[in-house]
Amino acid sequence: MLPLLTADDPSPVLSNGAHDHSPFVIVVDHASARIPLRLQSLGLTQDALARHIAWDIGALEIARRVAHTLDATLVAQMYSRLVIDCNRHPDADSSITQLSEYTPIPGNASITAQGAFARRQEIFDPYHAHILTLLDRRSELGLDTILVAQHTMTDVYKGVRRDMQAAILYNRDPIFARYVRDFLRRDTGLVIADNEPYFLSDATDYTIPIHAEARGLPSVEIEVRQDLVSTAEGQSEWAAHIARALVAATEALRSI
Ligand SMILES: [Zn+2]
């Protein structure tokens, strides 16, 4: 079988290298709307691929700015979640979705087991192997690590407008995430939702359960509403909010 990715497709993993002085490892599961060339845009128009269904608009730019400010490690996955969702278990039905919001995904409608396996092997596996190796190395060096999963969410989903400006998601280890939530609420005066409109779970997430909860690392999943971060100005503003909150939450965690 032909490989999925060709020499003209970029690596699925974007990394800024090791930043050992910072405890933060910032990951972006849905950083890009790119589709591997062989998949021919999955049969979608460029307009559809520009929408939130394909990627987390603004998330990579927020994460880059936060990583720069905090001298932190950044790892991002550079293909659309419509190819394979890197924040879902590959056995979940939603791993390679056939319908996103109201949009059918033609290139996923009749995918073969072989086709699904290639997406896992060439995109999902290298991304998570990169994070695993990075966290193993940090652990061997005795470095404290806090995993930050940066996402963004649409402002209108299935016709319903979302009132929260951002959301903090967590599951088994709420301590760090709640410090981030409380700081953001005080600092911004905005509506920072708690495990809404999504909550973090093994069925709906992969990155935090596997890389943070299973290792006992403090973590937080952050969602920012996309209409607030579609410009460089909004991205910088939210990156500053998030960087301050991460530092304050770390100080609170260390003072327990
Ligand atoms: Zn996301």
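Remember, it's 1-based here, ligands and their atoms both numbered in the order they're listed.
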Donor-acceptor side-chain pairing of S100 and T103 below 3.5 angstrom: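 No, no side-chain donor-acceptor pair sits under 3.5 Å.
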
The Zn ion (ligand 1) to nearest N/O/S of D56 below 2.8 Å: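 Yes, within the cut-off.
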
Listed once per pair and sorted, the salt bridge (charged side-chain N to carboxylate O under 4.0 Å, His left out) pairs that draw on residues 18-42, sequence neighbours left out: D20-R137

Centroid separation H151 to Y198 less than 6.0 Å: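 Here the rings of Y198 and H151 have centres that are no less than 6.0 Å from each other.
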
Approximate separation, where rounding is to 0.5 Å, of Y170 OH and L200 CG: 10.5 Å

Which atom of H30 approaches the Zn ion (ligand 1) most closely (N/O/S): ND1

The Zn ion (ligand 1) to H151: nearest N/O/S atom name: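 Result for H151 and the Zn ion (ligand 1): ND1.
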
